[in-house]
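In what follows, a structure is listed as structure tokens, so that the remarks can point back to it.
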Amino acid sequence: MGVLDGLRPERVFHFFEEISRIPRGSGNEKQISDYLKKFAQDRGLECIQDELYNIIIIKEATPGYEREEPYILQGHMDMVTVKDPDCDIDMRRDPLRLYVKDGRISAEGTSLGGDDGIAVAYILALLDEQSICHPRLEMVMTTEEETGLRGAEGIDLSMLRGRQLINLDNEEEGVIITSCAGGARVDVCIPVQWEKIPEQGVQILQVKVKGLLGGHSGGEIDKGRGNANYLLGQILKELTKQFAIRLVDMKGGQADNAIPREAEAALVILAEEKERILLCIKKETEKIKEQVGSSDPDFAVLCTEYGETEKTEESRIEEHNIKAKKQESYNKLYYNGREIEECITAAASNRALDCLTSLPNGIMAMSGDVEGLVQTSLNLGIMEQEQDNLHLTYAVRSSVDQEKEALCRRMQEIAGQAEASATVRSSYPGWAYRRDSLLRDKLSEVFEQMYGHKPQLQAIHAGLECGLLAAKLPDLDCVSIGPDMSDVHTTQESISIDSVARMWEYLLAVLAKKE
């Protein structure tokens, strides 16, 4: 018996639970793509699977709807895969563990994948149902949307007849999205040099930032939530002004389009300077707490000492409870179960942290036309220490292409000053507002008839695939709709059961309405 059995609409939740058993993080979509292909073949439906594992499934019109304009229904099959540190799920191999609480569906210890699994579930239910009325349906499900819209960029849509597209990647019921930002990914590689760790008088100190809310780097970038990678960089950069710290490891974040909740670094420090270093961290933490305020109420900085054994001692900085054991000089240093023999030089550590903190992060510009809309932003989503460099991955967004390009150039200039490189990839266009839209008018009319009030028309800062797809199909008319979701791209992600049901009925009404 399934966790979602008994929920309505039954077929939608049945398929949502089925695909939740299939690992489908970005770049790992072959299994879900093959499932969708077999689903179509089992029902005798025309199906196209390309080399990127994109899927197109065609369902012909029901009797009486043959003359109606076809609809393209579109979503992406991949999901952002993030999990809590203590979660034992391997998100490349294991199914999600769904649960229901307070009228919402979530997953234990991981992201839910409602973004955009609910679109796939809606599409499968529409293809499976025989009793609904609809024109020709052309279902498009893409790959690698979350990491740069690679599937949408490479898909061939030349066989499609439809010129009205309903994107099902919205996360707010009652809102019809009419335009969105474009974006790009920027990879910054900061070269580092290693040296032997001094034999005496040093120890390893781990500094961890945790307790942040995180969130979608488009949808929540305006909420003032702290970026763990960037905040950790600020703290460590402050240390370099007074101490010759040496990095051993530095990492944080799990997806470039998710605001990271946790980050950590391991440093080699002089044992005699430990107390002053902890005091400096405490002072910097207090400054940051004033910055984040109530946006991240559980923000904390933890310091853990590592010496010649794996016995560690943890102190929560913001509680001013710095506990220290008597320090000695160690002949060997251990960190996370392994002996550490090398560290990054003090000069290279300083240069890496200077580059990290010099690069911008967060909101760069607000729209002058739409009140409250972020126009340009970037998010340091992934930070990882590699052998030869510190690798930073940013998601850049802007509804103004010139600003996006200018921000990427600025990042390249800053990186160059630190003898680092910044590579721009996966650039995609925004989706421009269409002044005259028959599709938008139709969806607004049906919504008002069903609910007694007009829907909200909205431009968003998050990225959707509509801009790329519109470039492939001349005169394509697009809108985006979807049910209520919250905290997407985090382990707190959830989706409203009642909203899923209402949006299902709304979608059926739209498809059934004749011109």
Side-chain angles (χ1 to χ4, degrees), residues 12 16 71-80 104-105 111-123 125-126 139-142 145-146 149 152 164-183 215-222 257 370 372-374 397 399 430-434 437 439-444 446-448 450-451 453-470 476-489 493-511:
V12 173
F16 186 77
Y71 280 103
I72 303 170
L73 298 184
Q74 188 266 325
H76 60 89
M77 64 185 83
D78 62 316
M79 63 176 283
V80 169
R104 304 186 73 88
I105 302 169
S111 45
L112 172 66
D115 173 16
D116 192 23
I118 195 59
V120 178
Y122 277 145
I123 287 172
L126 287 170
M139 310 301 203
V140 177
M141 290 167 281
T142 53
E145 189 271 351
E146 298 290 6
L149 285 69
Q164 48 184 0
L165 182 147
I166 301 176
N167 169 278
L168 298 168
D169 196 10
N170 189 5
E171 294 148 15
E172 189 174 0
E173 182 185 351
V175 171
I176 297 176
I177 294 177
T178 60
S179 62
C180 74
H216 190 297
S217 69
E220 273 80 42
I221 199 73
D222 61 338
N257 54 1
V370 182
L373 176 67
V374 178
R397 303 175 187 272
S399 51
W431 165 29
Y433 177 78
R434 182 178 174 127
S437 169
L439 181 60
R440 184 176 67 234
D441 293 344
K442 177 189 288 187
L443 265 72
S444 297
V446 172
F447 188 92
E448 188 171 7
M450 293 182 69
Y451 301 111
H453 62 90
K454 294 181 182 296
Q456 181 181 351
L457 304 181
Q458 189 177 94
I460 62 168
H461 186 57
L464 295 172
E465 294 160 293
C466 299
L468 276 173
L469 301 180
L476 184 66
D477 195 356
C478 305
V479 296
S480 180
I481 60 173
D484 284 336
M485 286 182 259
S486 63
D487 296 310
V488 297
H489 297 187
E493 180 182 356
S494 69
I495 188 167
S496 165
I497 295 168
D498 288 345
S499 185
V500 169
R502 286 191 296 269
M503 290 303 296
W504 170 249
E505 295 299 326
Y506 174 51
L507 185 57
L508 294 184
V510 169
L511 298 180

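The figures that follow rest on heavy atoms only: side chains count, while hydrogens, waters and symmetry mates do not.
A distance of 10.5 Å separates CG of D116 from CE of M77, quoted to the nearest 0.5 Å. In this structure, Q456 CD and I177 CD1 are separated by 10.0 Å, a value rounded to the nearest 0.5 Å. Distance check, rounded to the nearest 0.5 Å: CZ of R434 to CG of L476 gives 7.5 Å. Atom OG of S217 and atom CZ of R397 lie 3.5 Å apart (nearest 0.5 Å). The distance from the OG1 atom of T178 to the CG atom of L439 is 11.5 Å, given to the nearest 0.5 Å. Here the straight-line distance linking atom CG of L464 with atom CG of N167 works out to 5.0 Å at 0.5 Å rounding.
Between the side chains of S480 and D169, no donor N or O sits under 3.5 Å from an acceptor N or O. Side-chain atoms of E146 and N257 include a donor-acceptor pair closer than 3.5 Å.
Between the side chain of D484 and the backbone N or O of E173, at least one donor-acceptor pair lies under 3.5 Å. Judged by distance alone, the side chain of E493 and the main-chain N or O of G113 form a donor-acceptor pair under 3.5 Å. A distance-only check finds a donor-acceptor pair linking the side chain of D78 to the backbone of E145 [under 3.5 Å]. The backbone N or O of S444 sits nowhere less than 3.5 Å from a side-chain atom of E448 that would complete a donor-acceptor pair.
Contact of the L168 side chain with the I481 side chain is registered, since non-hydrogen atoms from C-beta on lie closer than 4.5 Å. Side chains of E171 and I495 form no contact here, defined as non-hydrogen atoms less than 4.5 Å apart. By the 4.5 Å heavy-atom criterion applied to side chains, V175 and I460 are not counted as neighbours.
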I'd like to know whether V488 forms a side chain to side chain contact (heavy atoms under 4.5 Å, CB included) with V80, so could you lay out the CA-CA distance, the side-chain angles of the two residues, the decisive distance to 0.1 Å, and finally the verdict. CA-CA 9 Å; V488 297; V80 169; over 6 Å; no
Under the side chain to side chain contact (heavy atoms under 4.5 Å, CB included) criterion, do L126 and L507 qualify, and how do the steps go? CA-CA 10 Å; L126 287 170; L507 185 57; 3.9 Å; yes
For side chain to side chain contact (heavy atoms under 4.5 Å, CB included), just list the numbers for D222 and H461, CA-CA rounded to whole Å, side-chain angles, deciding distance to a tenth of an Å, and then say yes or no. CA-CA 10 Å; D222 61 338; H461 186 57; over 6 Å; no
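Of all heavy-atom pairs between V510 and Y71, the closest is O-OH, 3.5 Å. For the residue pair L112 and I105, the shortest heavy atom distance occurs at CD2-O, 3.3 Å. Contact record, S179 with W431: CB-O, 3.0 Å, taken as the closest heavy-atom pair. Here the closest heavy-atom approach between residue M79 and residue S111 is recorded as CE-OG, 3.5 Å. Between I118 and F16, the closest heavy-atom pair is N-CE1, 3.8 Å. Contact between H489 and D115 at its shortest, heavy atoms only, is NE2-OD2, 3.0 Å.
By the side-chain contact (heavy atoms from CB on, under 4.5 Å) test, S486 is found to be paired with R104, S494, residues two or more places apart in sequence or in another chain being considered.
Taking the six-membered ring where tryptophan is involved, the planes of Y506 and F447 are perpendicular, since the angle between them exceeds 60° and thus also 30°.
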